[in-house]
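Small disclaimer: the values here were computed from a predicted structure and weren't measured.
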Amino acid sequence: MTDYGIKISMSPRKKSEMQEQGFSLTAFKAVGVGVKVTKKSAAPTVWLLDPDFEVRTGLSWKQNYKVYHADTKFQEGAYIDHMNDQVAKPGEGWKVVEGGNFQEEPYDIENQIRIHNATKREYTIGLAQMPNPSSGADFVPLCAFRGLANTYREFRPLEQVVVTFTTGVTSVGTIFTRASADGFLVTAGDVGKPTEVTYGDDGVWQGTGDIVSPDNFLTACIRV
């Protein structure tokens with residue numbers, strides 16, 4: 001199972017400034033879905049939330065996933081809890097049946113995972129993944145979609161994250177449809193040689209990656 005990683009650096013001065021202002025280092029895991037979406041039906045969720053970030057902070061993950069569905073109503077700021085989940089891997093299809101259980105069903109697209117809501121009700125659905133597995137963290141939702149009754153949704157896991165700083169967010173698993181500051185889209189390296197990026201004293205991201213403006217936040221996290 002391949003490990004991936006990134007490293008975020010900043011000066012001691014910038015670290016102190018951001019923490020004094022109440023900012024948390026926040027990461028959103030990108031996912032491909034093959035179709036354009038709107039914030040009325042799809043969003044990333046807070047995947048990592050670290051108010052105690054250091055001058056050098058690492059983020060790593062493995063290619064391990066779960067599919068989930070939840071009763072949480074899809075809306076900005078909602079916290080996904082009471083999940084029913086199931087370990088899944090690319091190339092698998094999972095069906096939500098009446099009563100809320102998952103059942104595997106035939107599916108053979110190698111790099112995607114499919115969720116089929118075969119019930120007569122709407123759920124919030126998506127993928128979950130474990131950030132920094134060596135820390136003992138649990139699986140955390142990385143995206144949220146309206147799973148309408150009798151519909152399918154396909155997900156393509158990506159080894160990319162959007163990192164930014166947020167205030168007022170209190171928990172991972174929170175549906176997040178809009179950003180208020182620039183983020184940085186980073187493609188992860190091997191965990192032994194992580195992709196390194198820097199948050200400058202001027203508040204500008206530097207390194208190998210792409211600036212993500214608030215207007216482009218959703219499309220950077222939920223990719224066609």
Side-chain angles (χ1 to χ4, degrees), residues 2-33 37 39 42-62 76-77 127 129-135 137 140-144 156-224:
T2 304
D3 289 1
Y4 294 90
I6 68 170
K7 186 85 67 177
I8 303 109
S9 300
M10 68 190 72
S11 70
R13 173 186 172 185
K14 193 63 177 178
K15 170 184 176 295
S16 296
E17 175 190 319
M18 298 297 284
Q19 290 176 334
E20 287 171 1
Q21 294 177 10
F23 284 96
S24 293
L25 177 64
T26 310
F28 301 88
K29 189 76 169 17
V31 64
V33 294
V37 298
K39 63 183 180 181
T45 55
V46 176
W47 190 54
L48 176 81
L49 186 68
D50 186 0
D52 301 315
F53 56 89
E54 301 291 345
V55 293
R56 286 175 64 82
T57 301
L59 171 59
S60 64
W61 61 89
K62 297 178 182 289
E76 165 70 22
L127 296 185
Q129 193 173 16
M130 188 186 302
N132 291 332
S134 62
S135 69
V140 176
L142 62 88
C143 61
R156 186 177 74 256
L158 301 173
E159 309 312 336
Q160 296 179 313
V161 293
V162 174
V163 290
T164 188
F165 289 92
T166 60
T167 58
V169 181
T170 59
S171 179
V172 294
T174 299
I175 297 173
F176 202 92
T177 60
R178 56 182 181 270
S180 58
D182 284 350
F184 205 50
L185 176 65
V186 185
T187 299
D190 181 270
V191 73
K193 191 176 181 182
T195 303
E196 299 204 20
V197 301
T198 301
Y199 190 64
D201 285 350
D202 57 358
V204 176
W205 291 97
Q206 303 166 9
T208 304
D210 297 299
I211 297 291
V212 176
S213 70
D215 288 343
N216 294 326
F217 173 74
L218 180 64
T219 55
C221 296
I222 309 295
R223 311 283 286 282
V224 174

>> Can you list everything that forms a ring pair (Phe, Tyr, Trp, His ring centres under 6.0 Å) with Phe23? Sequence neighbours excluded, please.
In response: none
>> Going by salt bridge (Lys or Arg N to Asp or Glu O under 4.0 Å), name the pairs with one or both residues in residues 49-59, residues two or more places apart or in two chains.
In response: Arg56-Glu196
> Please, which pairs that meet salt bridge (Lys or Arg N to Asp or Glu O under 4.0 Å) have at least one residue in residues 16-25, sequence neighbours excluded?
Replying inline: Lys14-Glu17
> Does Thr219 have any side chain to side chain donor-acceptor pair (under 3.5 Å) partners at least two apart in sequence or in another chain, and if so, which?
Replying inline: none
> Which heavy atom in Gly173 sits nearest to a heavy atom in Val140, and how many Å separate them?
Replying inline: N-CG1, 4.0 Å
> Of all heavy-atom pairs between Leu218 and Val37, which one has the smallest distance, and what is that distance?
Replying inline: CD2-O, 4.2 Å
For residues 182-189, please give each side-chain donor-acceptor pair under 3.5 Å, one per line with the distance, not counting sequence neighbours.
{"residue": "Thr187", "atom": "OG1", "partner": "Gln160", "partner atom": "NE2", "Å": "2.9"}

> Do any pairs count as a side chain to side chain donor-acceptor pair (under 3.5 Å) and have a residue in residues 202-215, sequence neighbours left out, and if so which ones?
Replying inline: Ser213-Asn216
Distance check, rounded to the nearest 0.5 Å: [X] atom [atom1] versus [Y] atom [atom2]?
| X | Y | atom1 | atom2 | value |
| --- | --- | --- | --- | --- |
| Gln19 | Leu25 | CD | CG | 9.5 Å |
| Cys221 | Phe176 | SG | CZ | 9.0 Å |
| Thr164 | Phe28 | OG1 | CZ | 7.0 Å |
| Thr26 | Leu49 | OG1 | CG | 5.0 Å |

